Structures are given as C-alpha cells and as structure tokens.
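The figures here come from the full heavy-atom set of this structure, side chains too, leaving out hydrogens, waters and symmetry mates. Everything numeric here is computed off the predicted structure, so don't read it as measured data.
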Amino acid sequence: MTKTHVKRLCVAALCLALAAILPRLFHLIPGGIGRILSPIHIPVLLCGLACGWYYGAICGGLAPLMSYLLSGMPVAAKLPSMTAECLIYGLISGLAICLIKTKSRTANVYISLVLAMLLGRVVYATVSFYIFGSETSPIVWLMGTFMEKLPGTVLHLALVPLLYLVLYKTKLVPRKQ
C-alpha cells in the first residue's frame with residue numbers, strides 16, 4: 001500500500017467518523033437546525049473530493065447507516081433515500097473533481113460540488129417519492145427537496161471548499177487526482 005493510499009484511507013475514515021458524529025452534535029441545537037443544515041453531507045462531500053469516487057461512495061453509502069445505528073438519525077423511514085443521496089454525493093464529487101479541469105482548483109471544487117448536490121437531491125427526491133408515494137407529482141417532491149435543503153446547500157458551498165483547500169495545502173489530498 002502506497003503512502004497516497006494510506007492518506008486517502010485515513011482521510012476517508014475520518015470523514016466517515018465525522019459523518020456519524022456531526023448530525024448528533026447539530027441535533028443538540030434547538031429548532032431543528034440539524035435537519036435543516038444536513039451536517040452528514042459535509043464529510044461525505046469532502047471525502048469524495050479529497051479521496052476520490054471509490055472512498056467517497058463507500059463513505060456516502062455507510063454514513064447514514066452508521067449515524068442511524070449510533071444516534072437513531074436519520075429516522076428509519078428516511079434511511080434509504082438518505083443513503084442513496086449520500087452515496088451519489090461521494091461518488092459524483094469524487095468523479096467530477098477528477099474529470100473537471102479548469103485553470104482554477106477552486107472552480108473545479110465548486111463545479112464538482114454543485115453537480116454532486118444536484119444529482120444527489122434528484123436521487124433523494126426520487127427514492128422518497130417511490131417509498132412514500134403521493135398524490136402529487138415527482139416534480140413537487142423534487143422542488144420540495146431543493147427548498148427544504150437550501151440552507152444546508154449554502155453551508156456546504158461555504159464550508160466544504162474551504163475544508164478541501166485546507167486538506168490540499170496540508171498535502172493530505174494528492175496533488176494529482
């Protein structure tokens with residue numbers, strides 16, 4: 001195992017641990033802040049960007065289940081849709097950061113994040129629609145998902161690039177991906 005693989009594995013393990021712990025901490029704040037800000041997504045998106053699609057998808061696929069087993073969050077009914085959403089977050093952010101090549105690393109990160117969040121939200125809304133069913137159309141579910149998660153999206157777009165660039169400058173993210 002090379003030094004790069006060990007770094008990726010360690011960062012991925014840290015992200016998975018944070019994904020299990022952060023929701024618990026955010027839910028201690030009154031007013032439903034944890035549900036609104038979606039803290040579990042922060043380490044999953046970061047893992048995909050920093051460690052690549054493979055580790056990102058694993059982290060995203062395991063994070064909601066680990067969080068549920070440790071804290072009971074997310075509620076069991078939302079576990080399938082959140083698992084699918086987080087898996088897409090890790091997978092797409094990891095793929096996109098490798099495939100998108102602009103002259104700016106920051107632009108690459110933002111484009112990757114936006115793409116991952118858009119696709120993740122579509123998957124979340126689709127899975128939720130088919131699990132819960134409704135007399136409304138899937139488009140209504142999709143729009144509701146985007147509106148409900150808007151504050152979290154703003155937080156993710158502010159925080160995740162900053163954390164990624166810190167990992168990059170400390171050489172915990174490989175220079176070539």
Side-chain angles (χ1 to χ4, degrees), residues 6-94 97 109 112-114 116-129 131-132 141-142 144-168 170 172-173:
V6 172
K7 282 183 183 180
R8 284 185 183 168
L9 186 60
C10 289
V11 171
L14 177 64
C15 287
L16 186 56
L18 284 172
I21 294 168
L22 272 181
R24 178 81 176 184
L25 295 175
F26 273 69
H27 283 281
L28 293 174
I29 302 169
I33 297 295
R35 187 181 56 77
I36 294 168
L37 296 180
S38 304
I40 197 169
H41 299 156
I42 297 167
V44 171
L45 288 164
L46 183 62
C47 184
L49 291 172
C51 303
W53 67 270
Y54 178 78
Y55 289 112
I58 291 172
C59 180
L62 291 176
L65 179 61
M66 283 187 55
S67 179
Y68 175 76
L69 292 174
L70 291 173
S71 66
M73 295 174 282
V75 295
K78 287 193 172 197
L79 195 56
S81 35
M82 279 200 65
T83 300
E85 177 187 33
C86 287
L87 189 139
I88 294 298
Y89 279 175
L91 176 73
I92 299 300
S93 63
I97 197 71
V109 171
S112 300
L113 275 178
V114 169
M117 286 193 281
L118 285 173
L119 292 173
R121 301 268 195 267
V122 169
V123 167
Y124 178 87
T126 304
V127 172
S128 294
F129 177 79
I131 288 175
F132 297 115
W141 273 86
L142 184 60
T145 299
F146 278 99
M147 293 310 294
E148 175 188 8
K149 297 186 179 238
L150 189 59
T153 301
V154 172
L155 174 68
H156 303 154
L157 289 173
L159 192 58
V160 173
L162 178 68
L163 293 172
Y164 173 80
L165 293 172
V166 166
L167 288 175
Y168 182 80
T170 58
L172 288 174
V173 174

My understanding is that only residues two or more places apart in sequence, or in another chain, count here; which of them pass side chain to side chain contact (heavy atoms under 4.5 Å, CB included) with [X]?
{"X": "Pro39", "answer": "Leu22, Pro23, Phe26"}
{"X": "Val75", "answer": "Lys78"}
{"X": "Val123", "answer": "Ala84, Ile88, Val127"}
{"X": "Val114", "answer": "Leu118, Leu157"}

*Closest heavy-atom contact between Arg24 and Met73?*
CA-CE, 3.7 Å
_Minimum heavy-atom separation for Gly90 and Ser93, please, with both atom names._
O-OG, 3.4 Å
*asked:* What I'd like to find out is whether the side chain of Leu163 reaches to under 4.5 Å of the side chain of Ile42, using heavy atoms alone.
replied: yes
*Which pairs, with at least one residue in residues 149-163 and sequence neighbours excluded, count as a salt bridge (charged side-chain N to carboxylate O under 4.0 Å, His left out)?*
Glu85-Lys149
*Go through the structure and list residues passing ring-ring contact (aromatic ring centres under 6.0 Å, His included) with His156, not counting sequence neighbours.*
His41
*Apply side-chain hydrogen bond (donor to acceptor under 3.5 Å, both in side chains) to Thr83 and list each qualifying residue two or more places apart in sequence or on a separate chain.*
none
_Residues in side-chain hydrogen bond (donor to acceptor under 3.5 Å, both in side chains) contact with Ser81, at least two apart in sequence or another chain_ = Ser128
*asked:* Listing request: all side-chain hydrogen bond (donor to acceptor under 3.5 Å, both in side chains) pairs with a residue in residues 63-76, at least two apart in sequence or in separate chains.
replied: none
Run the side-chain donor-acceptor check on residues 43-65: report pairs under 3.5 Å with partners two or more places apart or on a different chain.
none

